[in-house]
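Worksheet: the structure to be examined is printed underneath.
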2 protein chains.
Amino acid sequence: MQGRRKFRREGEERRRQDLIEATLDCVAERGLQGATVRAIALRAGVTAGLIRHYFPGKEELLQAAYATIMGRMTEQAKTALATVAQDPRQRLSAFVEASLLPPVIDARVFSQWASFIGRASSDPALAAAHRAGYLGFRDEVEALVAEVLVAAGRTAAKPELRRYAIAINAIIDGLWIEGCLAGDFFETRELAEIGIGSVEEMLGLRLREPVCSAKE
Amino acid sequence: MQGRRKFRREGEERRRQDLIEATLDCVAERGLQGATVRAIALRAGVTAGLIRHYFPGKEELLQAAYATIMGRMTEQAKTALATVAQDPRQRLSAFVEASLLPPVIDARVFSQWASFIGRASSDPALAAAHRAGYLGFRDEVEALVAEVLVAAGRTAAKPELRRYAIAINAIIDGLWIEGCLAGDFFETRELAEIGIGSVEEMLGLRLREPVCSAKE
DNA sequence: AGAATATTTATACACTTGCATAACAACGCC
DNA sequence: GGCGTTGTTATGCAAGTGTATAAATATTCT
C-alpha cells in the first residue's frame, strides 16, 4: 500500500470559492445532473468528503453557487453603468451594449442560468433569489430611462416609465438569450446594434450622437 | 402471496403519449433530476420497466418530451395565425398577442423549457432540436413582417427584414419569460399590449386599427 | 373456447448517489 | 522538535439510478 495522497491546506474562503467555482463548471458542462459531489470534488482537486466540511450539504453548495452567478451578472451590469458618466443617453446606450456583448453574452453563463432557473419553480429559495435579482435589474433600467426622458425634456409619467422598463428589459433578455444560444448566427456587434436601435425606436429618440458621415 | 397487479393494455400511441406527459409533469415539478424512470412510471400509472418497452432508453424519452413541448409552443402560435385570416397587420398583432397570453405564458411550460435548455449546451441532440425550433419561429416572424411591410407599401430589404425578425423575436421571448416567471406582477393583458406596442414602434406603423374613442 | 402474441409486471443487478465516520497529515504553538 | 488542532483523505453504507430478464396476464385470432 502506498501512502495516502499529499495535500495542502488552503484558506477557508479560498476553498469555499474553489468549490463553488467547480460546481459552476460542472453545471455549465453537464447540467445540474452532472453536478454530483464527486464530480465537483474531482474538478476542485479535492476528495468528495471535503464538501461536507464546508457546506452542510450539497443543497447549500448549489444555493451558494446560484447566488454567486446572480451576483456576478448584476455586478457586470452595474459595471457597464459606471463606465460612462455624463450623458444619460450614452449611459443607457452603454448599458444595453454591455448587456449584449461578451462577457455578459456567454454560453457558459447561460447554461448555468437556465439550469438553476429551471429548478426555481419548484424551489422557493431559488425563486425568491431570482425575483429579487430581476426586480433590481428592472429598477435599474427604469431609472436610466427616467434620466433619459427628463434630459430630453419629456414628461415621464409613472405607468409610461414602467411600460418602457418592462419592454426594454424584455428585449435585452431576449437578445441575450439568442446571443448565448446561437452566437454563431450573429455578427460580433450585431445584437448590440439591434438592441440599441430597438430601444431608440421604442423611446422615439436617438441614443447615439449622430456621427459624421465618414464613420461606418 | 397475492397475485400481481391487474393492468390494461393501452394503445401503443396512447401509452407513448402518456409516458411523455408524465415525463413533462416530473420535469415541471422537480426538474430534470426529478424525472427518474420510477417517478415517471409512477405518475403514468405504470411500472418502470415499461418505459424500455416504448423507448430505447431514458435518453430517448427525454428527447421525445422536449420535442413535444417545442412543437406544442410553435403550434399554439400558429393556431393564432390560422384564426385571423386577412389583414397582415392583424395577423402579426394576433401572433404577438397569442404568444403573450395563456396558455403560451405558463409557468409550467417555462420550467420545462428552462430545464431542457439548460442541458442543451452539453447535449447535441437537444441543441439541434432547439435550434430547429428557434429558426422555425423566427422564420415565421420574418414572413409575417414581410407581409406587413409589403401591405404598407414599404420596401423590405433582406437585411432589414432579418433585423426586424431578430428584434421582434427577442421582445416576444423576453416578455414571455417575464410573464412566466413573475406573472403576478402584470395585469392580464399588460404584456400583450406592451408587446404589440413595442412591435408597432419598432416597425414604425400601427398594427391595431385605430379604435373609436369609446373603447378602452 | 383455446392457442398465440406481445404488453405489462416483477425482480435482480451493477452502478452511482449523498452522507457518515475514522484514520491521517499539515499547520500553528510552545 | 514534539504536540494538539483540524483540514483532508479514505473507506463504507444505505438508498436510488438505469437497465436487463423472465414470468404473468390481457388481448387477438381462429
Side-chain angles (χ1 to χ4, degrees), chain A residues 1-23 25-27 29-66 115 119 122-123 125, chain B residues 1-23 25-27 29-66 115-116 119 122-123 125-126:
Chain A
M1 305 289 173
Q2 76 267 26
R4 45 166 66 188
R5 203 169 136 192
K6 304 301 183 191
F7 60 92
R8 278 184 39 213
R9 298 173 112 150
E10 297 287 350
E12 168 163 353
E13 213 40 55
R14 168 67 187 276
R15 265 278 133 86
R16 260 204 169 75
Q17 205 52 43
D18 282 355
L19 287 175
I20 289 178
E21 219 57 51
T23 305
D25 284 346
C26 291
V27 171
E29 290 173 17
R30 277 168 293 176
L32 269 181
Q33 323 206 65
T36 69
V37 287
R38 284 173 176 82
I40 294 170
L42 179 67
R43 186 169 277 264
V46 140
T47 50
L50 192 61
I51 288 178
R52 295 247 1 199
H53 190 263
Y54 285 100
F55 296 90
K58 188 196 169 190
E59 191 66 25
E60 285 77 7
L61 172 56
L62 285 179
Q63 285 172 15
Y66 182 58
S115 295
R119 233 178 66 154
S122 47
D123 186 334
Chain B
M1 304 281 177
Q2 77 267 27
R4 46 166 65 188
R5 200 171 139 192
K6 305 299 183 192
F7 61 92
R8 275 185 41 212
R9 296 172 116 160
E10 296 287 352
E12 168 164 353
E13 211 42 53
R14 168 66 186 277
R15 265 277 132 88
R16 260 205 170 74
Q17 205 51 44
D18 281 354
L19 287 174
I20 289 178
E21 220 56 53
T23 304
D25 285 346
C26 290
V27 171
E29 289 172 17
R30 277 167 292 175
L32 270 181
Q33 323 207 62
T36 69
V37 286
R38 284 174 177 81
I40 293 170
L42 179 67
R43 185 170 279 264
V46 138
T47 51
L50 192 60
I51 289 179
R52 297 249 359 200
H53 190 263
Y54 286 99
F55 296 90
K58 189 196 169 190
E59 191 65 25
E60 285 78 7
L61 172 55
L62 286 179
Q63 287 170 16
Y66 183 57
S115 295
F116 282 116
R119 229 178 69 154
S122 46
D123 186 334
L126 287 187

Measure from [atom1] on [X] to [atom2] on [N] and round the result to the nearest Å.
X	N	atom1	atom2	value
Ile51(A)	dC19(C)	CD1	P	9 Å
Phe55(B)	dT7(C)	CZ	P	14 Å
Ile40(B)	dT17(D)	CD1	P	11 Å
Arg14(B)	dT8(C)	CZ	P	11 Å
Gln33(A)	dG18(C)	CD	C1'	16 Å
Arg30(A)	dT16(C)	CZ	P	13 Å
Leu42(B)	dG18(D)	CG	P	13 Å

| Where along nucleotides 4-9 of chain D does protein come under 4.0 Å, by heavy atom, of base (B) or sugar-phosphate alone (S), with - for untouched nucleotides? | --BBBB

| request: Between dT19(D), dG18(D), dC19(C), spot the one nearest the side chain of Arg52(A), thanks. | output: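 That would be dC19(C).
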
| field | Donor-acceptor pair, side chain of Lys58(A) and main chain of Ala35(A), under 3.5 angstrom | value |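 Looks like yes, one N/O pair under 3.5 Å.
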
| said: Using side-chain contact (heavy atoms from CB on, under 4.5 Å), reason through Leu19(A) and Ile51(A) one step at a time and then give a plain yes or no. | reply: CA-CA 8 Å; Leu19(A) 287 175; Ile51(A) 288 178; 4.1 Å; yes

| said: For Leu62(B) and Leu126(B): C-alpha separation, side-chain torsions, deciding distance, then whether side-chain contact (heavy atoms from CB on, under 4.5 Å) applies. | reply: CA-CA 9 Å; Leu62(B) 286 179; Leu126(B) 287 187; over 6 Å; no

| said: One pair to check against side-chain contact (heavy atoms from CB on, under 4.5 Å): Val37(B) and Leu61(B). What are the steps and the verdict? | reply: CA-CA 10 Å; Val37(B) 286; Leu61(B) 172 55; over 6 Å; no

| Working for side-chain contact (heavy atoms from CB on, under 4.5 Å), residues Arg14(A) and Asp18(A) | CA-CA 6 Å; Arg14(A) 168 67 187 276; Asp18(A) 282 355; 3.2 Å; yes

| request: Kindly write out the residues that satisfy side chain to side chain donor-acceptor pair (under 3.5 Å) with Glu60(A), not counting sequence neighbours, or none if the list is empty. | output: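 Counting only residues at least two positions away or on another chain, Glu60(A) forms no side chain to side chain donor-acceptor pair (under 3.5 Å).
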
| request: Record whether the side chain of Arg38(A) comes under 3.5 Å of the base of dG18(C) through a donor-acceptor pair of N or O atoms. | output: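 By the distance-only test, yes, there is a pair.
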
